[in-house]
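Presented below is the structure to which this report refers.
Letters A, B, ... are given to chains in the order of the sequence lines, protein chains preceding strands, and every chain is numbered from 1. These values consider heavy atoms only, across backbone and side chains, with no hydrogens, waters or symmetry-generated copies. For clarity, every value in this text was computed on a predicted model and none was experimentally measured.
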Amino acid sequence: MGEEFQSSKPIYMQIVDRIIIDIVQGKQQPGDKLPSVREMAVQMGVNPNTIQRTYTELERMNVVETRRGQGTFVSENGELMEQIARSMQDELIGSFIQRMEEIGVGKTQVIALLQRYMGEEE
Amino acid sequence: MAIRVEGVIKRYGNKRALNGVSLTFEKGKIYGLLGQNGSGKSTLLKMIAGLVFPDEGTVSLSGSQVTRRTCGNVAYLTELDMFHDAFTVGDTIWYTASQFADFDQRKAQNLLKEFRLDPSKKVKSLSKGNRGRLKLVATLARNTEVILLDEPFSGLDPMVRDSIVQSLLKYIDFEQQVLIIATHEINEIEPLLDEAIVIRDGSVIGQEEVESLREEQGLSVLNWLKQLEGNKEEV
């Protein structure tokens with residue numbers, strides 16, 4: 001099993017996030033077949049009803065599509081995938097900026113700090 | 001298939017093991033029955049299995065009242081040791097199969113393989129973990145609509161627990177079966193559960209869908225349990 005989940009967020013949503021990250025990273029390619037509900041449940045060590053909810057949610061987001069009798073596949077809509085990747089980036093940056101503001105670092109300072117940090121990285 | 005427990009009271013001497021419990025369990029779901037030792041969990045499971053009967057109230061499976069014969073339709077894993085030491089693993093499977101018409105030999109063999117249990121080994125020589133596994137094989141290999149597990153993880157190390165959780169997920173037929181797990185160790189099984197039911201001193205003090213707890217209250221089952229405990233006793 002080995003999967004750990006945060007305590008404050010529904011497990012099905014945490015699995016949604018993980019699958020989306022796999023797709024954004026390219027570990028799952030457009031058109032790839034996802035494991036069956038049961039396989040995924042065993043793999044994650046969670047209730048199959050939870051995985052069913054995960055797949056329903058992914059389908060609602062148009063990230064995957066279910067083909068009758070064949071299974072669940074990663075959507076081949078490249079535009080959508082880009083959009084999802086971008087919204088994940090926005091989310092991360094948003095929370096970063098917010099936390100910097102909380103410790104009294106303004107926007108222009110953030111940019112300067114980032115530039116310096118990136119410069120050091122290289 | 002549904003299990004219905006209505007207004008059940010059970011007394012042992014002066015003590016009330018169950019004090020007016022009403023619950024419904026539906027097929028396709030996994031329930032966690034949580035509570036400390038002596039809370040009434042085991043009594044409730046035994047009642048569903050037809051091994052103990054209520055003093056007041058009723059327990060029914062698919063609309064018919066539970067009787068002594070019900071144990072033929074319910075797979076029940078007791079928290080006690082249930083094997084003959086002189087038997088081998090193979091003997092134990094053979095014996096269990098002879099007792100229950102719904103015993104599925106193929107399932108049993110697959111489970112033995114998965115748990116790496118050697119059929120020729122004497123039960124007496126098995127480690128605690130392997131005894132726990134063998135109990136589970138004997139229970140899960142039955143094709144019953146109801147599976148009751150009383151403390152299936154107790155005394156087992158985390159690796160064994162993980163492998164048990166996995167085989168539960170693999171071998172349960174969610175279309176047909178309902179699974180109730182009584183335990184005081186919630187962490188291992190939280191991601192497995194549809195619903196958590198908390199029993200204390202013979203009464204149900206909480207019942208929630210695990211995902212709703214997280215979604216609506218931002219609580220894991222463990223946090224929720226702590227909250228419930230906190231309401232009554234200051235620890």
Side-chain angles (χ1 to χ4, degrees), chain A residues 1-22 28 33-61 63-64 66-72 87-88 91-92 94-95 98-99 102, chain B residues 25-32 110-111 114 140 153 156-181 186-196 208-227:
Chain A
M1 175 162 71
E3 295 294 333
E4 296 289 331
F5 298 98
Q6 300 163 15
S7 62
S8 57
K9 196 172 176 183
I11 294 169
Y12 84 94
M13 276 309 294
Q14 294 185 48
I15 300 173
V16 163
D17 290 346
R18 282 177 207 196
I19 291 173
I20 288 179
I21 288 172
D22 279 354
Q28 294 275 9
K33 186 172 188 283
L34 291 180
S36 72
V37 168
R38 176 75 68 118
E39 284 163 2
M40 192 62 128
V42 173
Q43 205 173 309
M44 292 276 179
V46 307
N47 190 305
N49 293 325
T50 306
I51 301 294
Q52 190 54 59
R53 282 181 82 177
T54 298
Y55 282 12
T56 306
E57 178 64 15
L58 285 168
E59 203 168 354
R60 196 188 60 76
M61 296 164 81
V63 173
V64 302
T66 300
R67 296 179 203 150
R68 197 168 269 270
Q70 291 184 65
T72 304
S87 80
M88 285 184 93
E91 208 183 299
L92 280 173
S95 71
Q98 194 192 339
R99 295 195 61 188
E102 278 167 18
Chain B
F25 303 93
E26 285 158 21
K27 81 171 174 193
K29 285 194 174 181
I30 305 180
Y31 296 86
N110 285 340
L111 277 159
E114 202 153 308
L140 291 185
F153 306 105
L156 304 182
D157 65 53
M159 294 295 284
V160 181
R161 293 177 190 187
D162 278 3
S163 74
I164 287 179
V165 165
Q166 297 226 316
S167 56
L168 284 178
L169 288 168
K170 247 189 231 172
Y171 286 93
I172 285 171
D173 180 356
F174 286 89
E175 310 277 294
Q176 304 297 335
Q177 297 182 306
V178 51
L179 172 62
I180 307 177
I181 306 173
I186 173 62
N187 267 347
E188 284 73 13
I189 59 159
E190 170 161 5
L192 209 60
L193 301 181
D194 288 287
E195 265 182 48
E208 291 284 348
E209 275 182 28
V210 171
E211 290 284 68
S212 314
L213 262 181
R214 287 165 175 265
E215 202 149 34
E216 289 155 23
Q217 303 184 43
L219 290 175
S220 68
V221 172
L222 190 64
N223 293 338
W224 175 59
L225 272 178
K226 282 180 185 160
Q227 225 178 52

- Select one option (side chain, backbone, both, neither) describing which atoms of B:Ile172 are under 4.5 Å from chain A's heavy atoms.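 Only the backbone of B:Ile172 comes within 4.5 Å of chain A.
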- Task: Using non-hydrogen atoms and a 4.5 Å limit, figure out which bit of B:Leu213 sits close to chain A: side chain, backbone, both or neither.
- Result: neither
- Message: Tell me if a side-chain donor or acceptor on B:Arg214 pairs with a main-chain N or O of A:Gln6 at a distance below 3.5 Å.
- Response: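 Between the backbone of A:Gln6 and the side chain of B:Arg214 there is a qualifying donor-acceptor contact (under 3.5 Å).
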Tell me if the [atom1] atom of [X] is crowded by more than 12 foreign heavy atoms within 6.0 Å.
X	atom1	answer
A:Glu91	CD	no
A:Arg67	CZ	yes
A:Gln70	CD	yes

- Query: Is chain B contacted by the side chain of A:Glu39, its backbone, both, or neither, given a heavy-atom distance below 4.5 Å?
  - Reply: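 For A:Glu39, no heavy atom lies under 4.5 Å from chain B.
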- Task: Output, in order, the C-alpha distance, side-chain angles, deciding distance and verdict of side chain to side chain contact (heavy atoms under 4.5 Å, CB included) for B:Phe174 and A:Arg38.
- Result: CA-CA 10 Å; B:Phe174 286 89; A:Arg38 176 75 68 118; 3.6 Å; yes
- Query: About how many Å separate CG of B:Leu179 and CG of A:Asn47, when rounded to the nearest 0.5 Å?
  - Reply: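 These two atoms lie 9.5 Å from each other.
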- Query: Got a second to check how far B:Glu215's CD is from A:Ile11's CD1, nearest 0.5 Å?
  - Reply: 11.5 Å
- Message: Let's test your reading of the structure: which of B:Leu219, B:Asn223, B:Asp194 forms the most heavy-atom pairs below 4.5 Å with chain A?
- Response: B:Asp194
- Item | Carboxylate-amine/guanidinium proximity below 4.0 Å for B:Glu211 and A:Lys9 |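 No salt bridge links B:Glu211 with A:Lys9.
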- Message: Using every non-hydrogen atom in the two residues, find where A:Gly45 and B:Pro191 come nearest and quote the distance to one decimal.
- Response: O-CB, 3.6 Å
- With respect to chain B, which residue among A:Ala41, A:Ser7, A:Pro48 yields the maximal number of heavy-atom pairs within a distance under 4.5 Å? A:Ser7
